[in-house]
Q: 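Just dropping this structure here.
Naming: A, B, ... by sequence-line order, numbering from 1 per chain.
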There are 2 protein chains.
Amino acid sequence: MNIPATDLPRIVVIGGGFAGISAIRQLTRVPAQIVLFDRHNYHTFQPLLYQVSTAGLEPDSIAYPLRKVFRKHKDFHFRMAQVERIDPEKKTILTNIGTLSYDYLIIATGTKTNYFGNAQIERNSMPMKTVAQALDIRSLMLQNIEKADREENASRRKQLLTFVIAGAGPTGVELAGALAEFRKGILGKDYQYLDRSDMRVVLIEGSGRVLVAMSEFASKKSQQFLERMGVEVLLNTLVTDYDQEVVKTQTGQEIPAATFIWSAGVTGNSVAGLHESAYVPRANRYPVNAFNEIEGMEQVYALGDVALMKTERYPNGHPQVAQPAIQQGKNLGKNLVRHLAGKPMRAFRYFDKGTMATIGRNKAVCDIGRYRFSGFFAWMVWMFVHLWFLVGFRNRVITFFNWTYNYINYDRAARLIIRPFKRKAIS
Amino acid sequence: MNIPATDLPRIVVIGGGFAGISAIRQLTRVPAQIVLFDRHNYHTFQPLLYQVSTAGLEPDSIAYPLRKVFRKHKDFHFRMAQVERIDPEKKTILTNIGTLSYDYLIIATGTKTNYFGNAQIERNSMPMKTVAQALDIRSLMLQNIEKADREENASRRKQLLTFVIAGAGPTGVELAGALAEFRKGILGKDYQYLDRSDMRVVLIEGSGRVLVAMSEFASKKSQQFLERMGVEVLLNTLVTDYDQEVVKTQTGQEIPAATFIWSAGVTGNSVAGLHESAYVPRANRYPVNAFNEIEGMEQVYALGDVALMKTERYPNGHPQVAQPAIQQGKNLGKNLVRHLAGKPMRAFRYFDKGTMATIGRNKAVCDIGRYRFSGFFAWMVWMFVHLWFLVGFRNRVITFFNWTYNYINYDRAARLIIRPFKRKAIS
């Protein structure tokens, strides 16, 4: 794969998400060769993916070329590839473009969608973990609205206009809110002959409240916001089946829906090759010590969503969101700099900056320290924080302009079906 | 297809390009029902498609939702569909979503890529007529550069970095220039280990000069610009074969190239069903009278690229560019308003506003009236005119910001491989 041989230690990083890039950012002047692998040639700002799905932003607002992030690093090498296996005995990784040895290995592969073994749902639902998947949701949503507009049968039309989302975590809540705003801002204007009340947005959650990882206050407020926007929220409900026509639940409900989005679970995107005890089976996360080193291994680290660091406050590992990934990446990067300079490493300490979610225009919820607040001010904080964390000045300006424009005009400018989504044939 | 029955005359328009939307724009308050068909749910600003290909702009800058253009029209209906056949006897059109009768029919279907019967080139080359095709070119270009970076074999690396474009019309010239700028602005920075001089951009033209539709001055200047930017220009050369590995020409040249873009010809995108004499076979354009009515037909019109109106100045029809399409569309729209009000129609008169092309940063050529000029001022005029003609305030702002940003930073921010391009298997 044409990585120059080197006498320096080689640090291999798998995954250019929040954790991976935070780690590498610390390694600027370290006497080491750094190799980053990712399936994509860009970093994805996952918290705003739902805005790509709902036609509010284009991919270039939330994706950033990985090569550009590190273009000033010396002896840095990016390879767009799929890592297939780790061989910890030989200290090599096997990829679809060849094999490479490592001295230090950092696994920062994040999570993938978890269907909990339901093959029917895996086949027929829309996941939303990548930019391409977000664009597929956008296309399918617009295609179904186009179909509804030309459909003469009323019940079929309602089915085409029904959007069901499983999982009321931040992704599910933000998607449901954005779809409700699409109905309000776009449907009545672009589709004069469709009855806006025919469009349903249904959010289904297995637990007893939405945004279960946040405070009770945030759950209550966000459910109020959603319901005020016309989203149907079903709690304590599990989806059991979807056949491209009807969503079925364990409570016996049957909801005819042409679009079904699955955001009800994730599982660690673990890499084959580490011995089985190296990860916690159900969550697929690697147990790590306070330096993010995988237990029982040397100089092999796991970061962020795919790492499981047990602490007093988080006995089941840190929440699988951006902040622990960013902070662990930064800590590990600094530790490697220290280590290569002969200094001892420092244990990771998580600083909880708070949690927030946006539901729609002027509507967000924030849990920050002991403060819980919601509404317009929370929404301003949410926007500021998300703009701040976007990589690159350009992406911030484009996103800010789009948000301002959409806010003033109740618009979603990117409602373009560039590549129509084709359903898999039902087997 | 759920179009309401009406007592008013029904005007059916096929194609939401420059011609189609210019015609419909005139029909705001006409006592008629208007139905627009297009394969896409957006209007494409074709002159800037090459900037999507070369990662300068995202689709939402140059595409505009068709429903939004006409959302204030009464009794206007858009249908995203493929028109398959016209039945002029029954006055109906057949589409993939059903059949519809018309009183007035406007064919504004533009052109499609013409491979002149070379199936091998059709199979293996990249066309650039749609947004999806432009994104495919972007992906393939970036994929090939990624491959080159990991390629150890020097000659294979050069092949991966060779970009050949057939056809030096505006599209070919602008693409070649943008690729040369990509080499200058991006390659050396993002790919420190690639030798910039390994990247070749070759522009192949069958006639004796580039931009053959423009003045000799413009041809000479733009060729100078291209060559100064390091583009290899081959004139009087026809591409005869491409097998995904080597471009072959009738002059005996063989150029190993992993990317081959075909912009060497277009042909009218005619619709089946009109009797054979209704179009000029080779060009596939419908001969029309001075009111854009297809010869031998009544109340069936053709506009723009797919129309062939013989005039003293243009014995073979108007040039297949935006201006004749816009002006014919506007004239026909006004004529239908007059006609439905019982007034006579007015013959079309083409006002030549000039022609221009951009080659790169500070480099463009303009032929406007008797004036021929090039360089920085021409480039400013080109930018102003293209921003002016973009549909929608938002698209203008986004495009202007991207241009400014790219200009200052020598950047192309959208260098994202969202959907990797997969080659067709060689049969």
Q: Quick check on the interface: out of A:Met1, A:Lys68, A:His77, who has the most heavy-atom pairs with chain B under 4.5 Å?
A: A:Lys68
Q: Please classify the contact of A:Leu135 with chain B as side chain, backbone, both or neither, using a heavy-atom distance under 4.5 Å.
A: both
Q: Could you walk me through whether A:Arg79 and B:Asp149 pass side-chain contact (heavy atoms from CB on, under 4.5 Å), step by step?
A: CA-CA 8 Å; A:Arg79 289 294 178 272; B:Asp149 196 33; 3.1 Å; yes
Q: Non-hydrogen atoms of chain A under 4.5 Å away: do they reach the side chain of B:Ile418, the backbone, both or neither?
A: both
Q: Does any heavy atom of chain B fall under 4.5 Å from the side chain of A:Asp136, the backbone, both, or neither of them?
A: both
Q: If you look at every heavy atom in B:Gln192 and A:His73, which pair is closest and at what distance?
A: NE2-O, 3.2 Å
Q: Among A:Glu146, A:Lys189, A:Arg415, which residue satisfies the side chain to side chain contact (heavy atoms under 4.5 Å, CB included) criterion with B:Arg67?
A: A:Glu146
Q: What do the steps show when you test B:Arg394 against A:Asp411 for salt bridge (charged side-chain N to carboxylate O under 4.0 Å, His left out), and what is the final call?
A: CA-CA 11 Å; B:Arg394 178 191 164 281; A:Asp411 201 4; over 6 Å; no
Q: Looking at A:Ala81, A:Ser61, A:Pro4, A:Ala132, which has the largest count of heavy-atom pairs under 4.5 Å with chain B?
A: A:Ala132
Q: What part of B:Asp75 is in contact with chain A, defined as an atom under 4.5 angstrom from a non-hydrogen atom: side chain, backbone, both or neither?
A: both
Q: Under 4.5 Å, counting heavy-atom pairs only, tell me which of A:Pro65, A:Ala414, A:Ala63 racks up the most with chain B.
A: A:Pro65
Q: Given A:Met80 and B:Leu142, is the side-chain contact (heavy atoms from CB on, under 4.5 Å) satisfied, shown in steps?
A: CA-CA 11 Å; A:Met80 194 174 87; B:Leu142 295 167; over 6 Å; no
Q: Spell out, as yes or no, whether a donor-acceptor pair under 3.5 Å connects the side chain of B:Glu151 to the backbone of A:Asn2.
A: no
Q: Which atoms of B:Asn409 are under 4.5 Å from chain A, going by heavy atoms: the side chain, the backbone, both sets, or neither?
A: neither
Q: Counting only heavy atoms closer than 4.5 Å, note whether B:Arg412 contacts chain A via side chain, backbone, both or neither.
A: neither
Q: Hey, is the main chain of A:Asp60 close enough, under 3.5 Å, to the side chain of B:Glu58 for a donor-acceptor pair?
A: yes
Q: Do other residues, nucleotides or ligands put more than 12 heavy atoms under 6.0 Å from the CG atom of B:Asn153?
A: yes
Q: Under 4.5 Å from any heavy atom of chain A, what part of B:Asn402 do you find: side chain, backbone, both or neither?
A: side chain
Q: Say you draw a straight line from CG of B:Leu66 to CG of A:Leu416; how long is it, rounded to the nearest 0.5 Å?
A: 10.0 Å
Q: Of the backbone (N, CA, C, O) and the side chain (C-beta and beyond), which part of A:Phe78 lies under 4.5 Å from a heavy atom of chain B, both, or neither?
A: both
Q: More than 12 heavy atoms of other residues, nucleotides or ligands under 6.0 Å from OH of B:Tyr407: is that the case?
A: yes
Q: Where on A:Ile417 is there a heavy atom nearer than 4.5 Å to chain B: the side chain, the backbone, both, or neither?
A: both
Q: If you round to the nearest 0.5 Å, how far is OG of A:Ser139 from CG of B:Asn41?
A: 8.5 Å
Q: Checking heavy atoms, do the side chain of A:Arg39, its backbone, both or neither come under 4.5 Å from chain B?
A: neither
